[in-house]
Structure formats: C-alpha cells, structure tokens
Amino acid sequence: MGEKMKFSSSYEPGDFETDIYAAWEAAGKFLPKSGVKDASEMAVEGSENSHKRFSIVMPPPNANGNLHIGHGLTVALEDSLTRYYRLRGEKSWYIPGADHAGFETWVVYERTLEKEGHTRFEFSQSELYARVWDFVEQQRGNMELQLRALGASCSWEDLTFTLDENVVRRVYSTFEKMWKDGMIYRGEKLVNFCTKHQTAFADIEVEHKDEPGFLWDIGYELTEPTGDLTEIVVSTTRPETLFGDTAVAVNPEDARYKEVIGKTVKLPLTKREIPVVADEHADPEYGTGAVKITPAHDTDDFEVGLRHDLPRVTVIGFDGKMLPEAGEEYAGLTTEECRKKVLKDLEEQGLLRGEKKITHSVSHCYKCDTVIEPLLKEQWFIDTEKLAAVAIEHLEKDEIKFHPENKKKVLINYLKGLKDWNISRQIPWGIAIPMFRKMDDSTASPAVDPSNAPEWIFDTRTNLDEIEISGVKYRRDEDTFDTWFSSSHWPIVCTDWEEGIPNEFYPLNVMETGADILFAWVARMIMMGLYVTGEVPFKEVYLHGLVLDEHGKKMSKSKGNVINPMDLVSKYGSDAFRLGILRGRSAGMNQAFSENSVISGQKLCNKLWNISRFIQGIVDEEVEEKGFSYANVDVVLENEGSGGVTGADESRYGEGSAIHSSESDSINPEQYQYTTNNMGEDWICRELDRCREMVSQCMAEYRFAEAVEILYSTIWDKYADWFVESQKIYKNTSLLKASLETILTMLHPFAPFVTEAIWQNLSWTDGMIIDSKWPSRLEYDEISAENFERLRTVVSEIRATNVGLANVSRGEKYGLLYGEDTLVDDNTLLVKFLSRVPSVASTNGAPRGLRLALPGHELYLDVPSEVVLKYRDSLSEKILAVGKELDALNARMMNPAYVERAPAQLVKETRDAISEKEDLISRLKGQLEAI
RNA sequence: GGUUCCUUAGCUCAGUUGGCUAGAGCGCACGAUUCACAUUCGUGAGGUCACAAGUUCGAAUCUUGUAGGAACCACCA
C-alpha cells in the first residue's frame, strides 16, 4: 500500500475497503501482539502502561448464516473499542467466533432432509451429526466475509467455533466436575416439548402468546354425596387431559368445598376414582374454584402432585397424540381431535356444565409456532442453587460493572428466582452429553455381575454409541447439550484459560452483547466463569438494545421490515454504516434505525476526505514553491496575524512562533511537530485537545454516540469551517499535518476505512493508521485561543446582520468599519475573508452605518441611512429580545437567597451578563434613536 | 401480578454529581456559488422537556403521584 494515489474529488468507499482490510489482515495487525511495544518504548513509558491489555470476545454469529443489523451494531461497538485501545498501545485481542447454532441450524437442515425425501429417523445420531457438519461446512464463510466488510479487526486465527475440540473438552470437564459435585441430576420433569421438532426447550426459549380460548366447566360426580353436594364442577381449558387427572384440588379456605376435602370423585369418561385435595393452587375466585390436577401435563399440577404425592399419568405421547392410557376410544387422536370428542362425550353424558370465552397465554415453539406440550421426560438438570448464589454474591460486591447500570439489578432479581436448568436437547446437532447408561442386557461375560454397576457413568468417548467398562456394557445418552451450556464457557474457551496457568486475557475487559440475552447468556457465563475459574469472566458488561425499524417497530421477517446491513455497507460504505448505527444509541435502549444517520456518516467521510485533499494540496504547493514568492506573501500575512491582540499575553507573541511537540507527554513520539503562529492555530489546538479528552472520557464510559457526536462537530464545525478556512490565509503546513493526523487517528476507531485510505494517500505519513498512536496532549496558548473564539463571534454576527439586511439591501454588500477595536484591527484580512464583506476599514473617528450588537466591540456595517431606516423594525425586535433575557437575569439577582446560596462564581457570571446586556441595550437604543 | 425502562423540535435521539439563552442529525425556510468538498457554504424558524404536586436560591435532571408506551420474568385450571 506504499504507493500514494491521487485524491479524487469524492470519497468512494468501494474503491478502498476490500484492499485495506486485506492489507491489515495480511500485515497481522489484528493479532494481540501487534499492540505490544518493543523494549525501548516500554522503558520510556515505565511499567504503568506496559502490562495493559484489552480483551473482548465476539458473541458468535451463526456459522452458516448471514449477519443481521444487530450484528452490525455489535461489530461497530466492539471494533470501535478494540481499535481505540489498540491505538492507545494496549495489547488488544478481539476474538471472533462462530456458533453451531444447534437448534436454528438443525431446523434448516431437517428441512433440506425433508426436501430430499428423508427423515431424521433413518439415520443414527452420529450419522446425522456428520451430515450436518458437512452441511454447515458448505454453507460457511458468508458471515466471516460480512464481518470483514464491517471492518471487524478481530484476530481470525483465534476464531473459535462452538464445536471446536477445545470447547468440547472444556464443557466435558465442567460437566464432570458438576457431576462429581452432585450438581447434575437426572430427573423426570415436565419439559417444554415441541412435538414437531421432537425436542425439549428451556423455559427461556418458549414464546408465550395471548390467545382466545374457552374455559369449560365439567362435573365430577362425588363418589358419595356430601352435604348438599353431589358433584364438584371443575374449570379447565384442556378437557382432553382429564384422563391424566389424579386429583381435584380446592382451596383449603374455600367454604364451599370444606366438606369434600379428602373425599373422592369419579373421573368422567373413565371408571377411575380420584381424591379431592386441599391446595393453595386452587384460586376460589377463578372459575368454579375447583381445579383438576394433571401432574403429567401441567407444570403447576406437577408441583401440586409433588405436594400431595399424587401419581403421574401420562396420556399424551411425544408425537402429540393420545396414548392408550386415555382409553381405547381416544388413543391415537391428536390432542385437538381428542378435545372435541371429549367435549362431545361429556355433553352427551350431561357432564358439561358451562363454556366461557377467555383469553389465556399459550406456549409456542419460537421456531415453528407449534403449541408446546408440557410432557414428562427424563432429562439432565443442573442444580442452579449454588451457582446462582455465588453469582449474586459477586454481583452484589460490584465485581462487574454494567452498562446500563440498572441491568445488574434486573439480573440479580432473575438469579434469585432461577429454577433448575434443563440442559438436555433432543437435537443431533450439538455437543453429545458424555453420559452412558447401563444396558439391560449389559453383561459382556457371564462372570460379571452388573447389578453393582452404576446406572449412569460419565465418559468422554462420545464418538462411540456403546462402551464397555469392567465387563459391563453402557449405551450413550442420545441427547446433546443445550447450546447455552457450552456458550456459557465462551470467555473461558476463547481466551484459552487453563487451570493453574496465568492468563493475562482472562477475565475479559468487557462483554458486549444484546440486552435480550442477559438471562440466557450473560447470567450463565457469570455463573460458569465463577464455577470453573473462581473469577468473574469479565469486568464490565455493555448491553445494547434492539435495532428497531425506522418506525420503532421490531424487525422481523414476517413484517418484511428487516434491514440488511450489507446493503447499507455497499450503498454508503462501511464507515458510514458504523457511524450511523452508533449515532443516537445508548446502552440497553431499543432504538429505531435511521438511514439518515448513515447518510450523515457518509458525508462526514467525504468531508474528511476533502479536508485531506485540500491539505495535501497545500503541502504539495509548499514543496513546489519553497524559496520564493510563496514565502514573501506568507511573511506579510503572518505579521498581521500575530500582531497585538486585546488582552493577550504580548510577550508570547514578541518571542515569535511557539514550537510545540508532544515529546513532553512521551506517549506519542511519532506525532508530527508543529508551531502555532496565530490565534486560529492556537484555537484549533485547544479544540482538538478538548475533543481528544472528551472522546477518551466517552470511551471509558461506553458512550459511543456521544464520542461520535463530538468528533463529528469537531471535524466539521470547527476544523473544516473555521480552522481550514482560516488556513486559506495563513498556511502553516506543520500544523496542518499534525492536526490532520490527530483527527484521523481520533476518528479511526469509528471509521477505520476512510481514515486508513487517507493515511495511505497522504504524502508524508508512514505505516498504517491502524497502529498509529492515540494523540497526546496538544500545546496551545490559551489567551490566543480565546481571542479566536471572540473573533468567531464577531464574524458570525457580521454574517447574521448581513443576512438580516439582505431583505432591504437588494443584494448589495456593505463593508465593515471598526472604531476602537484591536481584535478586528489586528485581523482585518482574516475578518474580511471569513465574514465575506467587501472591505474592512477604520472609521477614523467618524462612525457611520449600523452598529453591530456585540458587547466589547465597536463595529459598524457601512450601510446607507435609508437602509438603516428600513432595518429599524428588526432592531426593535432585537432590543425586546435582549430585554427579556435581561429581565430573567435581573429577576435572579433580585432573589437574595440566590445571591446568598448559589456559588460565588455563578453569581459573578450573572452580574457580568447583566452589565453586558445593559450595555448592549443602551447601544441598540442609541442606534434606534439615531435613525 | 413482578422487575426494569421510556415520554425533550416535524422525525430519530443526546442532555454524566441540579446551574448561563435545553443540543445534534435529518427535514423545513431564506440566501450563496469556478479554483478541498453541492456528499458544499452562510443565516434562520421550530421546544409550556407527557401532566400534577413536592424538595431547592435554582428542576428536563431529585422525590411522590397521574396518564400513555415498551421490554423482560412469572401466571392465567
């Protein structure tokens, strides 16, 4: 990339981005070692900086999918941080990942299987695993190319795939530890079962939807009439499950049913008798106040069953059809068919007592929308009690800082109510659970007695379906792990953490991910990190909200409002996308996406490009003209510019130019040395320095949008509009070079491509901006800088007044006259150029025209009296406006409590403002009277 | 039902221990124009900071309440 190209008149991202990324990657700029300094630098800086590092992991996108806009935001955030800390000289490691996306990928694969006319049941688990592996390999790569297009400066050779050998090894070792610690148990529990996908889900993966339904009342006849009662009427939305009823529950406080507690009722449509039990679960206010208890098909009933030691009768199979236990007539029907038949039969027997329309929430599979059936199944569970308690303890000790802060409370609240974690999934595409069950016919030789062998044993040989230990045969559990179980190890596996080996990158500096997976992922990483390593896995958490569509609605394929980040990248450029998506976004908030912000980012890139083109032009010109005419002109201008400035420290100017370099700060020895020759130059150094400080502060506090905002206004409103403009009069190439390098470096974390493209195009820069150094303090003269600030006010007022006059002046432009005004007197050429007046001259003691409303300045626009006359209305308006401001200030001072209690500085400022306004009003009034 | 958050310009959003005339981008209006950039330059209009009460010398900011909206968790026989 050494060859310098010519700047074209606009920035075309497409011409540079791919090449630049390839060059970075080829030069190894993304490796953590590229941030390591050589020994000599370390010696200069001392030990303070030398050990610093920055580590962050990427939430792994689906290996065979495409990136969506949320990934775009993730990369913009994470890569800005990484590049920022890399510029600051820290060993920066951004670790990329790819997710096997167990369920998602499985669904896609099963669909292709179906298209080929196959079903999963034709293959063994290991065959299926191998097939999906090939399928994913074929599909892989898109997402990685897209990450490159977004500019992610991640260390590709460290990419971790969620099924990599080291991940599996770590997951097995944790599982084994938990198994030994007694935290893993096999339990028959109700699981959220999708009968279409044939797998169980974690509670968190189930989607609840409010749907219209019916509440039916059914009469359950008492075996023996009690008091006035001959039957108990129960309310249910699922009559088909009545075959699995093993009790009827009433509230112990419910007077209506006190008598029947402990009695039995006849279960309709069958000959079974079931007890009436007293349980808080029955709400006297709801329905009839009596509820049928079906422990095998309802999570609440399951709990009731435990409390009353009720049997569990399963009547629905994993295929979603009724089992023989439901009775001959009903077996084989779908739940829906069965419900109809049950209702019909109940009605015929006169047991249907009522039907009421209600809205209730129903669980659905988040992928196929099938109604989730709670079914009894033996699964592996993790006892989360200790894990959660330890996590809460560390969170309460503030070991992890959250952005936004309130999410910590939300997380603790979640952990306090955390239930045991079902980690079994009936999906072949995942990490096999390393548990083997003793086979019924388990003796390999007659000499062995298998009865003493354990039912389940842990073994990592999951590539085998059967193993033999001490002559006993075991068969592998076919299930795989919940993907969140392996993902919870992400910071551990990505940083290659190992027991007993110091790891400078663990814990991570920050975990950046979506606020929507705070529970599913962040909570589990914290628990697992603490369990495995004893340390929290990251020191800070930054959670981003959802990127909503332009109307603030959630993006979804079904709504058709999905925005593809790659479309935006190709249309506006990668930098524009990054700047745009960061804009107006704060931690944890769901925010609408605005294409306008991306366009504004595109404009900034183009602006910066043109600023650079202009500066390069001046540099080239200087090289050509050095020695003759240019220098002569320059001397004249410089003399004017550096003349006595009101209130300025004269001695500073008397000594000539001040030479500044950043050597004193020692952070950035490569920064270009510069001198400041006039107040505009001091001013831009001050503004750039303020920008540098504010951006650093914002990055430390994860306020990305604000950092971008500050850079935008510094580059455009200050650097381009004032400094670069004023450099058309005073050319200071050393400062132009130094300041341009400064803004390029500061913008680089957010807009890596354009800044690198410019860096490569500039004639005097070396190397790559990606590993240049974050700017150190810029030197400037404060008084001189402040004088330029006053000059800006003057220029703005001249411009505004001229525009105001345009209505009455018929396009004529007026010159500027100055009386006792050293600031203007010393900078006539600059004032003339910036304010676009035809002339700037002294009043020579004979003021005329329209006096400008500027306190502390005696300036007039040389306007003929008839125009001033026409201008008097706007003059009166101005007096009124200033009067209002003055009234407000006076009211404040009239309050004795204010004067007494407010900080002295504030009171002084108010006083000064009042005298300034009073001054202004009297002058404006004088002007008005003079007309 | 529980937890948390939001309500500021036409739109999308900033506004960090309470403090000067509440900001930005886009949009809008008026004006400019060879020579870095029309992806430009200059100037401007537009806000009872959802509402009410309180604390305070001072509230967009803190407290309480009201109204509207959102997300997540739990439950809905």
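Note on naming: letters A, B, ... go to the chains in the order of the sequence lines (proteins, then strands), and numbering restarts at 1 for each one. FYI, side chains are in, hydrogens and waters are out, and symmetry mates aren't considered; it's all heavy atoms of this structure.
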Describe the nucleic acid contact of [X] in one word from base, sugar-phosphate, nothing, applying a heavy-atom distance below 4.0 Å.
X      : answer
A:P903 : base
A:S586 : sugar-phosphate
A:S600 : sugar-phosphate
A:A592 : sugar-phosphate
A:N610 : base
A:E12  : base
A:D283 : base
A:A800 : sugar-phosphate
A:R836 : nothing
A:W716 : sugar-phosphate
A:K917 : base

Interatomic distance at [atom1], [N] relative to [M], whole Å:
N      : M      : atom1 : answer
B:rC49 : B:rG44 : C1'   : 22 Å
B:rA70 : B:rU8  : P     : 15 Å
B:rG68 : B:rG25 : P     : 36 Å
B:rG10 : B:rG27 : C1'   : 7 Å
B:rU17 : B:rU21 : C1'   : 24 Å
B:rC28 : B:rU7  : P     : 27 Å
B:rG23 : B:rC30 : P     : 25 Å
B:rC6  : B:rA50 : P     : 12 Å

Report yes if at least one side-chain N or O of [X] is closer than 4.0 Å to OP1 or OP2 of [N]; otherwise report no.
X      : N      : answer
A:R583 : B:rG25 : no
A:K728 : B:rC37 : no
A:Q591 : B:rA14 : yes

Calculate the interatomic distance between [X] atom [atom1] and [N] atom [atom2]; express it in whole Å.
X      : N      : atom1 : atom2 : result
A:E725 : B:rG42 : CD    : P     : 8 Å
A:L215 : B:rA77 : CG    : C1'   : 7 Å
A:E885 : B:rU21 : CD    : P     : 8 Å
A:K554 : B:rG69 : NZ    : P     : 19 Å
A:D516 : B:rU3  : CG    : P     : 22 Å
A:E550 : B:rU12 : CD    : C1'   : 10 Å
A:F833 : B:rC35 : CZ    : C1'   : 12 Å
A:Q602 : B:rG25 : CD    : P     : 16 Å

Using only atom types and a distance under 3.5 Å, with no angle test, would you say the side chain of [X] pairs donor to acceptor with the backbone of [Y]?
X      : Y      : value
A:D279 : A:V304 : no
A:R339 : A:R238 : no
A:N590 : A:L546 : yes
A:T288 : A:V233 : yes

Watson-Crick or G-U counterpart of [N], or none if no pair lies under 3.5 Å:
N      : answer
B:rG1  : B:rC73
B:rA67 : B:rU7
B:rG46 : none
B:rC62 : B:rG54
B:rU17 : none
B:rC35 : none

Any N/O donor-acceptor pair, A:K553 side-chain to B:rA70 base, under 3.5 Å: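 Per atom types, no contact qualifies.
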Distance-only donor-acceptor test, A:Q727 side-chain atoms vs B:rA36 base atoms, 3.5 Å: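 No pair found.
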From [options], nucleotide with atom closest to [X] side chain:
X      : options                : result
A:S594 : B:rG19, B:rU39, B:rU12 : B:rU12
A:K409 : B:rU4, B:rC26, B:rG42  : B:rU4
A:F614 : B:rG25, B:rA36, B:rU21 : B:rA36
A:H360 : B:rU43, B:rA77, B:rU40 : B:rA77
A:D721 : B:rC20, B:rU39, B:rC41 : B:rC41
A:N406 : B:rC5, B:rC37, B:rA36  : B:rC5
A:V410 : B:rA14, B:rA24, B:rU3  : B:rU3
A:S796 : B:rU43, B:rA77, B:rU40 : B:rU43
A:F519 : B:rU39, B:rG19, B:rC73 : B:rC73
A:R892 : B:rA36, B:rU21, B:rC72 : B:rU21

N-O pairing of A:E693 and A:R690 below 4.0 Å: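 Salt bridge flag = no for A:R690 with A:E693.
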Check: A:W609 ring centre within less than 6.0 Å of A:F16 ring centre: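 Here the rings of A:F16 and A:W609 have centres that are less than 6.0 Å from each other.
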Pair A:F750 and A:F704, ring centroids less than 6.0 Å apart: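 Between A:F704 and A:F750, which both carry aromatic rings, the centre distance is not below 6.0 Å.
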Closest-nucleotide ordering on RNA chain B, the 5'-leading residue of A:E709 and A:V795: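 Result: A:E709.
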5' precedence on RNA chain B between A:F593 and A:G289 (nearest-nucleotide basis):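 Closer to the 5' end of RNA chain B: A:F593.
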Is it possible for you to check whether [X] lies under 6.0 Å from the centre of the six-membered ring of [Y], through NZ or CZ, and within 45° of that ring's axis?
X      : Y      : answer
A:R353 : A:W216 : no
A:K728 : A:F614 : yes
A:R583 : A:Y712 : yes

A:Y286 aromatic ring stacked with six-membered ring of B:rA77, 5.5 Å and 30°: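 Yes; by the centre-distance and plane-angle rule, A:Y286 counts as stacking on B:rA77.
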